[in-house]
2 protein chains.
Amino acid sequence: MTTINDIAKLAGVSRTTVSRFLNNSGYVGQEASERIAQVINETGYMPSQSAQTLRTKKTGVIGIILPKISTETSSRVVSGINKVMKREGMQILLTDTELDPDKEIEYLRLLKSRQADGIILLATNIGERLQQEIEAFPIPVVALGQNIPGVPSLTYADYDASSDIMHLLIGKGHRKIGFIGVSETDPAVGKLRQTAYTDALKRQNLEVKESWMAEGDFSIDSGYEAMKRIITDNRSDPPDAVFCVTDRMATGAMEYLKEQGFSIPGDVAVAGIGDAVMSRYITPSLTTVNYYNEEAGEAVGEMLLETMAGIKHSKKMMHKYRLIKRDSV
Amino acid sequence: MTTINDIAKLAGVSRTTVSRFLNNSGYVGQEASERIAQVINETGYMPSQSAQTLRTKKTGVIGIILPKISTETSSRVVSGINKVMKREGMQILLTDTELDPDKEIEYLRLLKSRQADGIILLATNIGERLQQEIEAFPIPVVALGQNIPGVPSLTYADYDASSDIMHLLIGKGHRKIGFIGVSETDPAVGKLRQTAYTDALKRQNLEVKESWMAEGDFSIDSGYEAMKRIITDNRSDPPDAVFCVTDRMATGAMEYLKEQGFSIPGDVAVAGIGDAVMSRYITPSLTTVNYYNEEAGEAVGEMLLETMAGIKHSKKMMHKYRLIKRDSV
DNA sequence: AGAAGATGTGTAATCGATTACACATCGTTG
DNA sequence: CAACGATGTGTAATCGATTACACATCTTCT
């Protein structure tokens, strides 16, 4: 590998001058510049990032910790983050916790040792240990999707969006509304959306029936199974609508309903959250909420950049969302 | 940040001993070990990756260059790669060319300067310059999806898979088969799949009709538009089947056909490639080919690992695939 | 008992960049 | 014309790790 010393030698100057040329710092003569530029071009030289980092403490890398790489939400968010980081000439180091909370801490440490300039955390559950770790963390951290105390966080408007869905359902005349959620250890998706569900029912004096509620694990299959449970447990009094906290689970739920000959939304209306691409093309098309994931990615990206620049954040921000009414309700 | 020197001082030994302790190299006494372990625990010390890299030339990072982050295929592949890299304690540095061939070269260089230990390239088009760049490249590179001369490549069985689709279509009695492809600058998706299409028709002495063929750009919308063009240009003699080179475009095509009141597969059969999640849930469910993207990701991952270890590869490998017969044909 | 090997630790060079400081040259100005 | 600022370049320390080499003890074996 060519180093700055090689370039210096070939161009007949000292490595200091080469460095100055590269970084545009200090004066470099016309002639020297040309020779250096030439040599660099010929050799295809690129400065060693590790040497630079060792001196400057800047890696030009930010780390992303996400629960699962291969989901639509993740890849949209990453794409958004990528957009702003590219603009700043920064690279992205991806880590995937596979929904294991311990890994969140592990990767936090790893990114520290890699001296990431900043970290974007898409957490799922927020434990004691995680918070402790972040408290004394030497690297700027921002969070997306969950509100982490002490960390600038951009959250989705889970409560409001869910309320909107519920209103829509209720507005359409549905009174027996079921729910397919996820574990409450997930504050945003598990807890908040469910609270919005029960709150909406209570506000309208509608029944909150345990057997109309089921828990899945984000997968399409788990939505199918959850729907199956709800239907088989309520043969005599099935719900006439189901609010699913993710589009994937909603898709599974619809799949089961269709199999069983229920008409959607005639017999049972279904709504989801997330606006997966698929939701528009299944039949009937799925009523859902779009969270502008890509823009949210850009927004946390900017947020991290600002935090890195020392700008304090008002800690709590909610990203916009949009209710998408389609044919399943 | 605590450094190895701090640890050494606190533990009352030299930094050499600390290093040996950390790397399990050479002898370290019981007592010293304990003191060092203690201090490290107390301080939460992690060695500086950049300093290590500067000395050892190993970053523990591999780069992935992909055409677009936020696609199902990409995220599946990345997930697969991640799986094997995690096993080896390696991190992934993601770069996204946004389908710009120039960026492929740019990122290659960037990953060089970051001293990635290896690179996985998901190229789209393969130009002269790209090949030149790779030829003298100091870092192991492997490719997925496209066969790049001189580079160990794992390709999908595009020709065979497409032929299978065509056989299926023909076997079902279709004789007027249309085609929705992408630009031929993409050797695998654009060229190979189209060749398989025309070859299959010729083999059966079926008509290859220009106006039954249209080009999209991978997007659902472009599939819709392509289908529209084919139908409007052939009012009197529309095809009775369409082979789309991606599921997304097939989805768009179906959307148009449904809108226009064509029954699928009664009036027009549709088939795609890629087995997007959505394909199973749209109506009718889409006949397609599954490329085992995640496994392919694992496979190139292993391939890269081997290449990095100095094992020469038989250059050309084809990944398995599976025809999935559903209701659209 | 003395030699040979095993065990445990330290000294100092090194990786490839950045940067404070010093020095030289040149044009401008009072 | 002496002095000063602008311009252009080099010397050497530094960042935080690894590692070749040297040295000291302690076992063990003949």
Side-chain angles (χ1 to χ4, degrees), chain A residues 1-37 39-40 43-61 89 109-117 138-139, chain B residues 1-37 39-40 43-61 89 109-117 138-139:
Chain A
M1 281 285 241
T2 32
T3 76
I4 196 173
N5 289 304
D6 302 332
I7 304 298
K9 204 165 296 171
L10 288 173
V13 296
S14 80
R15 70 160 159 281
T16 312
T17 304
V18 178
S19 175
R20 271 193 285 256
F21 171 85
L22 288 168
N23 299 293
N24 255 298
S25 56
Y27 303 103
V28 180
Q30 174 83 44
E31 222 181 305
S33 289
E34 274 164 19
R35 282 209 312 279
I36 294 173
V39 174
I40 287 181
T43 53
Y45 162 79
M46 291 232 81
S48 145
Q49 250 298 140
S50 34
Q52 281 180 320
T53 297
L54 186 56
R55 271 299 312 225
T56 62
K57 307 293 172 215
K58 289 265 150 274
T59 50
V61 167
R109 296 204 173 138
L110 183 121
L111 290 171
K112 179 164 87 181
S113 93
R114 293 208 173 275
Q115 302 186 55
D117 293 342
I139 301 173
Chain B
M1 281 285 240
T2 31
T3 75
I4 196 173
N5 288 304
D6 302 333
I7 304 297
K9 204 164 297 172
L10 287 173
V13 296
S14 79
R15 70 160 159 280
T16 312
T17 305
V18 178
S19 176
R20 271 194 285 256
F21 172 84
L22 288 168
N23 298 293
N24 255 299
S25 55
Y27 302 105
V28 179
Q30 172 84 45
E31 223 181 303
S33 289
E34 274 164 20
R35 281 208 312 278
I36 294 172
V39 174
I40 287 182
T43 53
Y45 162 79
M46 292 232 78
S48 144
Q49 251 298 142
S50 33
Q52 282 180 320
T53 297
L54 186 57
R55 272 298 314 223
T56 61
K57 308 295 173 213
K58 290 264 149 273
T59 52
V61 168
R109 295 204 173 139
L110 183 121
L111 290 170
K112 179 164 87 182
S113 94
R114 292 209 174 275
Q115 302 186 57
D117 293 342
I139 301 172

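In what follows, every chain begins at residue 1, and chains take the letters A, B, ... in the order their sequences are listed. Side chains included, hydrogens not; waters and symmetry mates left out as well; all remaining heavy atoms used. Only a predicted model underlies this, so the values are computations on that prediction, with no experimental measurement involved.
- Straight-line distance from the NZ atom of B:Lys9 to the P atom of C:dG10: 14 Å, rounded to whole Å.
- Looking at heavy atoms from C-beta onward, B:Ile139 lies out of side-chain contact with B:Asp117 at the 4.5 angstrom threshold.
- Nucleotide D:dT14 holds its C1' atom 12 Å from the CZ atom of B:Arg15, rounded to whole Å.
- For B:Thr2, there are no side-chain hydrogen bond (donor to acceptor under 3.5 Å, both in side chains) partners at least two apart in sequence or on another chain.
- Considering only the side chain of B:Ser48, D:dA17 comes nearest among C:dT18, D:dA17, C:dG16.
- D:dA17 atom C1' lies 13 Å from atom CG of B:Asp6, rounded to whole Å.
- For the side-chain hydrogen bond (donor to acceptor under 3.5 Å, both in side chains) test, residues two or more places apart in sequence or in another chain that qualify with A:Thr53 are A:Gln49.
- Across the protein-nucleic acid pair, A:Asn5 atom CG and D:dG10 atom P stand 13 Å apart, rounded to whole Å.
- Between A:Lys112 and B:Met1 the shortest side-chain heavy-atom distance falls below 4.5 Å.
- A:Arg114 places a side-chain N or O within 3.5 Å of a backbone atom of B:Thr59 that can act as its donor or acceptor partner.
- Not a single donor-acceptor contact under 3.5 angstrom links the side-chain atoms of A:Ser14 to the base of D:dT11.
- Rounded to whole angstrom, the span from the NZ atom of B:Lys58 across to the P atom of D:dT19 amounts to 12 Å.
- Rounded to an integer number of Å, the gap from CD1 of B:Ile40 to C1' of D:dA17 is 13 Å.
- Rounded to an integer number of Å, the gap from CE of A:Met1 to P of C:dG16 is 9 Å.
- Phosphate contact (OP1/OP2 of C:dG16, side-chain N/O of B:Lys57, threshold under 4.0 Å): present.
- Residues B:Thr43 and B:Asp6 have side chains not in contact (no heavy-atom distance under 4.5 Å, counting atoms from C-beta outward).
- A residue-by-residue look at B:Gln115 and B:Ser33 shows that B:Ser33 has its nearest nucleotide of DNA chain C further toward the 5' end.
- Remark on DNA chain D: of its neighbouring residues B:Arg55 and A:Thr16, the 5'-side contact belongs to A:Thr16, judged by nearest-heavy-atom nucleotide.
- Side-chain N/O atoms of A:Gln49 include none lying less than 4.0 angstrom from OP1 or OP2 on C:dA17.
- Spacing between atom CG of B:Leu54 and atom P of C:dA13 amounts to 17 Å, rounded to whole angstrom units.
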Going through the checks in order, is the side-chain contact (heavy atoms from CB on, under 4.5 Å) test met by B:Met46 and B:Ile40?
-> CA-CA 8 Å; B:Met46 292 232 78; B:Ile40 287 182; over 6 Å; no

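- Taking only side-chain atoms of B:Ile4, from C-beta outward, the nucleotide of D:dT9, D:dG16, C:dA17 with the closest atom is D:dG16.
- Listed by residue number, A:Ser19, A:Asn23 are the residues of residues 17-29 of chain A with a heavy-atom contact under 4.0 Å to DNA chain C.
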